[in-house]
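Everything below concerns the one structure shown next.
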Amino acid sequence: MKKALFLVLTVTVGLVACGEYSQVPNYKQGNYQGKSDVRPWEGEKFAGNKQAWENALRARNQGQTEYNRIK
Amino acid sequence: MLYHIFKNGWEDKAYIDARVFGLDKVKAEVMTWTPERVQDVTGIPEAEVLRIAEMLAKNKPSTVVWCMGQTQHTVGNANVRAMCILQLVLGNVGVSGGGTNIFRGHDNVQGATDVGPNPDSLPAYYGLAAGSWKHWCKVWGVDYEWVKSQFASQAMMEKSGITVSRWIDGVLEKNEAIDQDSNLRAVVYWGMAPNSQTRGLEMVEAMKKLDLLVVIDPYPSATAAMAAMMRKDGVYLLPACTQFETSGSRTASNRSIQWGEKVIEPLFESKPDHTLMYAFAKKFGFEKELCKNIKVNKDKQGWDEPEIEDILREINRGAWTIGYTGQSPERLKLHMKNMHTFDVKTLRANGGPCDGDYFGLPWPCYGTPELKHPGTPNLYDTSKHVMDGGGNFRANFGVERDGVSLLAADGSASKGAALQMGYPEFDHVLLKKLGWWDDLTEDEKKAAEGKNWKTDLSGGIQRVVLKVYGCHPFGNARARALVWNFPDPVPLHREPMYSPRPDLVDKYPQPDDKKVFWRLPTLYKSLQTKVRDISKEYPLIMTSGRLVEYEGGGDETRSNPWLAELQQEMFCEVNPRDANNAGFRNNDFMWVETPTKGRMKVRAQVTERVAPGTVFLPFHFAGWWQGKDMLEYYPEGAAPIVRGESVNQGTTYGYDSVTMMQETKTTLCRVTKA
Amino acid sequence: MTTSTLRFRLGRLLVAGCLMLAGSLPLAAADNPTPAQQQAERQQTQPGNNAPMWREVRSGDSFFTTNRGPEAGVLIQSEGDTWRHLRNGPVTFYGGILLMLVAAAILIFYKIKGPLTLHDAPTGRLIQRFPRYERVVHWLTAGSFVILAVTGLAMLFGKHVMIPVIGHSLFGYLMVLGKNVHNFIGPLFAASLLAMIVIWARDNVWQSIDALWIRKAGGLITGEHVPSGRFNFGEKTWFWIGVTILGLTVSISGFVMNFPNFDQTRNDMQIANIVHSVSAIVMLLLAFGHIYMGTIGAHGAFDSMKTGYVDETWAKEHHEQWYNDVKAGKSGHPQG
Amino acid sequence: MARMKFLCDTERCIECNGCVTACKNENETPWGVNRRRVVTVNDGVPGERSVSVACMHCSDAPCMAVCPTDCFYKTEEGVVLHNKDACIGCGYCFFACPFGAPQFPNGPAAFGARGKMDKCTFCAGGPEENGSKAEFEKYGRNRLAEGKLPLCAEMCSTKALLAGDAPVISDIYRERVMRRGKAGEAWGWNTAYGKPEQAAPAAKEAAK
């Protein structure tokens with residue numbers, strides 16, 4: 001009985017590894033592979049309005065080029 | 001560089017003819033500086049100098065930026081003038097994007113300078129003459145005679161004081177050698193770091209000899225620790241708060257003024273500077289006389305706090321010379337509130353409540369606040385109307401010299417000026433002569449009678465000259481390339497006091513010693529001759545300067561963990577060649593020894609940043625003394641996180657022949673493995 | 001391809017190789033500009049072309065920085081990638097497979113052959129095989145070894161095996177404990193290991209009788225009893241290879257990672273990690289055998305380490321020479 | 001939203017360490033933890049170049065691959081974050097990272113007691129509630145959730161350090177390269193995001 005249990009356990013533990021997913025996500029745009037985390041636009045400030053968040057970031061992005069400012 | 005510019009005809013001839021005085025004498029001196037001679041003295045090859053000269057000449061306008069590297073020499077005044085002459089020759093002064101740009105070390109240095117910490121001037125560079133005192137007495141609303149009675153004598157009142165760089169001599173020098181009755185017996189260190197001043201070894205001796213030493217600072221600072229090392233009594237620490245714990249105006253290097261708001265209440269027992277100042281005035285018994293125009297409130301602990309806006313208003317009422325009159329607290333606050341309306345390139349407000357103003361109303365912002373002068377973004381700019389921030393060179397030194405007119409040539413006045421020629425400064429006589437007197441109102445006439453543009457408290461003369469006639473109140477003259485009232489009218493090269501080249505000392509000696517110079521005897525030639533051959537013992541050139549992480553003496557910044565972490569130790573940059581000769585490696589401890597017997601134990605940073613024969617040390621460190629940590633001398637818990645040897649412990653004697661600026665940038669040393 | 005062309009090609013390669021070597025030698029001896037000089041020169045001829053600088057960055061050298069962290073001056077270290085592929089690839093894959101195979105093999109062996117039993121009846125007379133201090137050292141080593149093995153295996157295989165079962169959070173919390181246990185038990189293991197080597201080294205020296213044991217393969221297959229000294233050759237193999245060589249390797253490489261405060265580089269620790277994992281897995285494989293023989297593989301063996309005493313029959317059958325020595329009072333071990 | 005990346009323009013970096021200080025200030029990291037550092041190659045020699053380096057938020061992040069507890073994750077914006085609760089402080093990510101990004105509050109301490117790994121989060125916090133106190137204490141400010149970019153880049157005085165959407169910042173960089181008429185190399189991109197031929201089109205152009 002003991003032996004059987006041991007065998008079963010070994011096999012299960014061994015086979016469980018097959019359930020492992022790849023640790024290196026193949027990044028695809030807009031495809032969420034994270035673990036549980038709130039997304040940046042889900043905070044207090046944007047309250048889930050992804051569009052508004054994207055616009056805010058876009059403006060910040062552009063703020064980094066001084067050519068825009070001296071034109 | 002001027003040699004190449006003149007040789008290739010790259011100078012701006014029209015500009016020089018119309019607006020510069022005395023350049024021919026400068027040119028004569030310049031042309032003796034052949035490339036071979038320059039290379040011998042400076043070590044810079046001709047090709048490099050020519051390349052930069054050509055770059056400057058062919059890419060105009062350009063600006064020259066410097067900090068202390070030019071000024072902290074015995075020839076600092078000559079260095080600075082040489083730079084200005086270079087820009088004048090290229091026609092780069094008074095144009096947007098041109099000029100000379102002298103960076104200040106920290107927040108509001110310019111503002112402090114403007115309100116007169118220099119021992120030779122009342123606020124706004126009025127000087128110390130009786131007329132200047134009378135002007136300010138009128139502004140303060142006190143009786144001139146009363147002010148006079150506060151001084152030992154009228155001579156003491158009108159005599160330039162001892163500069164901060166020389167206070168130690170004021171203490172240590174023989175009494176008969178100094179030009180005042182007694183030696184210095186009390187010193188107040190107000191937001192000043194002793195480790196940024198030279199001759200540290202003598203400084204601790206001076207501290208020992210003082211009757212009283214007061215340190216007013218957010219941190220006890222190296223002053224307190226150095227004093228504690230020497231004595232157990234007579235030192236007082238007064239906690240001053242930082243700029244975040246008080247409000248007020250701050251002037252930047254570009255002369256523009258910003259209003260800072262109080263972010264937090266003063267921490268612990270600290271007080272803002274003006275509260276401390278008022279407490280002193282009260283103790284000395286002249287607070288009533290000198291704060292007539294200033295409202296005094298009680299702060300939370302019941303201390304008297306003068307109202308900061310009123311202080312600025314008083315400055316506005318008196319500082320006509322530099323146009324520190326239009327920047328009322330209301331206008332400055334409006335600027336801060338409407339920052340977004342200013343164009344980031346021109347700095348000018350485009351519409352909105354500040355329309356037309358330059359941000360921070362950079363002085364000169366002439367006239368009363370009501371005149372709405374926009375401030376002057378670039379000095380001496382003739383391409384603009386004076387009411388748009390235009391201007392020209394100042395007529396401060398008469399109208400002619402040696403038969404040559406000092407006034408600018410015809411057609412060189414600022415845009416739209418009624419007088420399109422050179423003209424002297426305005427006073428009531430000139431106004432009457434020109435028939436402009438009647439443009440003044442009756443009240444203004446009364447105030448302006450017998451006055452000139454900088455003493456007329458009504459601002460009437462400035463108003464009429466600027467607004468009605470588009471002229472500049474200080475006249476329109478030529479810039480002086482030849483400064484006849486300086487020891488070297490044409491900037492000359494002179495070897496530093498401690499020179500590695502005895503042959504150059506012979507060729508370019510210092511001037512003779514001065515018996516009385518800012519009240520003190522000052523050594524030049526005698527000392528230089530005495531140490532002519534000292535480079536045999538101390539072969540390396542030692543220079544000092546700043547680090548990006550720290551500011552000034554560094555007591556505040558070295559106490560900030562985020563900054564302190566980036567520079568955790570005092571170090572010395574040494575070229576690998578010198579390091580190998582001295583037998584130490586990168587990160588070893590080393591000794592830097594100077595002719596004053598100063599000894600500094602620092603970390604070696606072996607790097608190509610410095611050329612062979614030169615070492616560099618940052619001056620922000622303090623808290624070690626000749627290899628020993630001074631931790632025990634700081635009040636408990638008040639020592640900065642990072643402590644290190646102060647370079648100025650070992651710096652040597654040497655002062656500028658005009659300004660008395662200390663010579664920190666060049667001396668000699670030797671290095672050994674620790 | 002004929003032999004002649006092959007020979008020709010080889011010859012040509014050799015000549016080319018020699019030429020290259022000859023060509024490179026004087027070059028290497030010549031005054032080569034340092035990368036810094038190359039960069040300085042490149043800035044003169046082609047401003048903006050920083051190729052020499054990028055080459056330097058890729059070299060993994062240390063540069064100037066005010067940051068005081070370990071190896072802060074290194075911009076890119078490439079060894080990490082090699083280490084990652086070794087660790088996540090062969091070490092995990094083959095290590096895992098080997099562990100399972102060996103465990104299965106032992107199980108199958110047990111199934112087929114069963115345990116070694118005594119041929120004669122026990123006499124009831126006990127003789128001492130392991131005095132107390134030996135047992136203490138053994139169990140300290142064994143206990144810490146088991147703990148280290150379990151936590152170590154969890155570090156290498158846990159995320160493949162346990163995370164899918166118990167999830168990230170629980171595994172994370174357990175592993176915080178596991179890693180600290182591993183780090184603190186490690187030095188204890190090393191210390192008891194050293195003690196063990198000292199006390200048992202003498203009895204594990206080669207004896208002529210061991211040749212017989214090898215010839216008969218320890219009687220594992222035939223089931224016959226082969227005479228041996230205090231330790232038979234199987235035990236000696238485990239002692240020298242498993243305990244001494246692998247044990248010390250594991251300990252030393254473990255210390256390299258466990259005490260990073262001696263300025264060792266990341267590369268040192270990467271190498272230590274691979275050595276540690278490989279030797280630990282091999283040691284574990286051998287330990288499987290040892291544990292098997294010490295528990296269910298041979299009757300009486302476990303009791304000997306538990307109580308320190310064995311029956312005379314057991315001693316005679318398994319370690320005849322030692323039994324004779326004991327009886328003659330030559331073993332050096334106290335009799336109880 | 002596209003892929004977040006850092007880009008350091010070595011022609012512009014003046015080694016002022018402003019980014020380092022900004023980061024320390026914004027995230028209140030303790031003494032010894034510098035999520036960003038500035039390294040100068042050929043210090044003091046003409047042609048010296050400085051690089052500001054932090055976590056590059058790699059596509060195929062080595063730290064993620066070697067983490068025994070798999071505490072890392074990648075957000076939709078391509079930011080590599082980690083869960084400090086699951087971090088065991090083994091230091092494997094530090095071994096694997098090409099850029100030396102992972103930091104440990106206790107430094108190289110005996111018994112490997114490094115403490116929980118800390119690294120640049122692209123100012124995106126961690127698994128906790130956006131902008132919460134718990135998040136700030138563990139991971140620093142979540143500026144991304146405030147619609148802002150990392151402070152190091154936004155504070156950079158010469159704009160040598162850019163942060164943001166890969167196509168946008170590589171466009172900015174490309175414009176610079178065109179204006180100065182000289183090629184450059186986007187620092188660390190080959191290592192962090194693969195060789196140019198495998199990279200996104202925009203990155204490819206920038207690397208040319």
Side-chain angles (χ1 to χ4, degrees), chain C residues 35-37 39-44 47-50 52-54 56-57 63-78 80-81 83-84 87-88 154-156 158-159 163 168-169 171-173 175-176 178-180 183-184 187 257-263 266 269-270 273, chain D residues 10-11 15 17 20 32-34 36-51 53 62 65-71 83 85-92 94-100 103-104 107-114 116 177 180-185 187-188 191:
Chain C
Q37 284 165 339
Q39 167 76 359
E41 282 160 22
R42 186 68 61 90
Q43 291 304 300
Q44 293 294 317
N49 181 343
N50 294 321
M53 188 274 271
W54 294 121
E56 276 186 271
V57 166
F63 307 105
F64 177 82
T65 176
T66 54
N67 186 302
R68 301 260 176 140
E71 292 178 83
V74 179
L75 273 169
I76 295 185
Q77 64 112 6
S78 304
D81 199 47
W83 171 72
R84 165 197 168 176
R87 179 187 177 273
N88 282 9
M155 250 179 270
L156 190 56
K159 72 170 164 183
I163 286 178
H168 280 99
S169 308
F171 181 67
Y173 289 122
M175 280 310 291
V176 172
K179 175 247 175 193
N180 280 310
N183 282 1
F184 283 88
M257 289 185 287
N258 205 7
F259 294 89
N261 36 343
F262 291 98
D263 284 340
R266 281 171 283 184
M269 291 189 271
Q270 287 153 6
N273 178 271
Chain D
T10 52
E11 296 292 308
E15 197 203 349
N17 278 307
V20 180
V33 173
N34 287 290
R36 184 166 276 288
R37 70 188 193 278
V38 179
V39 178
T40 306
V41 186
N42 302 330
D43 175 55
V45 181
E48 71 166 26
R49 289 289 178 277
S50 298
V51 176
V53 51
V66 298
C67 179
T69 61
D70 204 7
C71 76
N83 178 355
D85 293 340
C87 172
I88 60 171
C90 62
Y92 286 0
F94 177 62
F95 301 173
C97 177
F99 306 107
Q103 305 283 306
F104 294 92
F111 292 103
R114 301 172 171 86
K116 305 271 184 195
V177 169
R180 54 182 183 233
K182 284 153 199 165
E185 190 179 334
W187 192 80
T191 306

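Computed from a predicted structure; not experimentally measured. Below, chain A is the first sequence line, B the second, and so on; all start at residue 1.
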Query raised in the report: Passes side chain to side chain contact (heavy atoms under 4.5 Å, CB included), C:Phe63 versus D:Thr40? Steps please.
Result: CA-CA 6 Å; C:Phe63 307 105; D:Thr40 306; 6.0 Å; no

Query - Straight-line distance of D:Cys67 SG to C:Met155 CE, nearest 0.5 Å - result: 11.5 Å

Report summary line: Max heavy-atom pairs within cutoff under 4.5 Å with chain C, candidates D:Pro62, D:Gly91, D:Gly100, goes to D:Pro62

Report summary line: Applying a strict 4.5 Å limit to non-hydrogen atoms, the region of C:Asn273 in contact with chain D is side chain

Query - Residue D:Asn83 versus chain C: region with a heavy atom under 4.5 Å - result: neither

Query raised in the report: Hey, are D:Asn42 and C:Gln37 close enough side-chain-wise for a donor-acceptor pair under 3.5 Å?
Result: no

Query - Proximity breakdown for D:Thr10 and chain C, heavy-atom pairs closer than 4.5 Å - result: side chain

Query raised in the report: Just how far is it from atom CZ of C:Phe64 to atom CD of D:Glu48, taken to the nearest 0.5 Å?
Result: 9.5 Å

Requested in this report: Return the option, out of C:Leu156, C:Asp263, C:Asn67, C:Asp81, with the maximum number of heavy-atom pairs under 4.5 Å with chain D.
Outcome: C:Asn67

Query raised in the report: What distance do D:Cys90 atom SG and C:Met175 atom CE have between them, rounded to the nearest 0.5 Å?
Result: 8.0 Å

Report summary line: C:Val176 and D:Asp85 have their tightest heavy-atom pair at CG2-O, 4.1 Å

Query raised in the report: Is chain D contacted by the side chain of C:Arg87, its backbone, both, or neither, given a heavy-atom distance below 4.5 Å?
Result: side chain

Report summary line: Per-residue tally against chain D (heavy atom, under 4.5 Å) across C:Ala40, C:Ala72, C:Gly178 peaks at C:Ala72

Requested in this report: With a 4.5 Å cut-off on heavy-atom pairs, point out which of C:Val57, C:Asn180, C:Thr66 contacts chain D the most.
Outcome: C:Thr66

Requested in this report: Measure D:Val39 against the heavy atoms of chain C and call it side chain, backbone, both or neither at under 4.5 Å.
Outcome: both

Query raised in the report: Is it the backbone or the side chain of C:Val74 that comes under 4.5 Å from a heavy atom of chain D, or both, or neither?
Result: backbone

Report task. Could you label the plane-to-plane angle of the C:Trp83 and D:Tyr92 rings as parallel, tilted or perpendicular, counting under 30° as parallel and over 60° as perpendicular? Result -> perpendicular

Report task. Check each atom of D:Glu15 against the heavy atoms of chain C and say whether the ones under 4.5 Å are side chain, backbone, both or neither. Result -> side chain

Query - Which atoms of D:Val38 approach chain C - backbone, side chain, both or neither, heavy atom under 4.5 Å - result: backbone

Query raised in the report: So, C:Gln77 side chain and D:Cys97 main chain: donor-acceptor pair closer than 3.5 Å or not?
Result: yes

Report task. Using atom types as modelled and distance alone, determine if a side-chain donor or acceptor of C:Asn88 lies under 3.5 Å from a backbone N or O of D:Ala65. Result -> yes

**Report entry** D:Phe99 vs C:Leu75 side-chain heavy atoms within contact, under 4.5 Å
**Finding:** no

Report task. Begin from the C-alpha positions of C:Lys159 and D:Thr69 and carry the test side chain to side chain contact (heavy atoms under 4.5 Å, CB included) through to its verdict. Result -> CA-CA 6 Å; C:Lys159 72 170 164 183; D:Thr69 61; over 6 Å; no

Requested in this report: Below 4.5 Å from any heavy atom of chain C, which atoms of D:Ala96 appear? Answer side chain, backbone, both or neither.
Outcome: both

Requested in this report: Select one option (side chain, backbone, both, neither) describing which atoms of C:Pro187 are under 4.5 Å from chain D's heavy atoms.
Outcome: side chain

Query raised in the report: Measuring from C:Asn183:CG to D:Phe111:CZ, what's the distance to the nearest 0.5 Å?
Result: 8.5 Å

Query raised in the report: Of the listed residues (D:Val41, D:Asp43, D:Val45), which shares the most heavy-atom pairs with chain C below a 4.5 Å separation?
Result: D:Val41

Report summary line: Pair count under 4.5 Å, heavy atoms only, with chain C: among D:Pro108, D:Gly44, D:Cys87, D:Ala86, highest is D:Pro108

Report summary line: Between the CE atom in C:Met269 and the CZ atom in D:Phe95, the distance rounded to the nearest 0.5 Å is 4.5 Å

**Report entry** D:Arg114 and C:Pro260, any side-chain heavy atoms less than 4.5 Å apart
**Finding:** yes

Query raised in the report: By a 4.5 Å heavy-atom criterion (distance strictly below it), what part of C:Gln43 contacts chain D: side chain, backbone, both, or neither?
Result: side chain

Requested in this report: Rounded to the nearest 0.5 Å, what's the gap from OG1 on C:Thr65 to CG on D:Asn17? Could you check?
Outcome: 6.5 Å

Query raised in the report: Under the side-chain hydrogen bond (donor to acceptor under 3.5 Å, both in side chains) test, which residues partner D:Arg36, sequence neighbours left out?
Result: D:Ser52

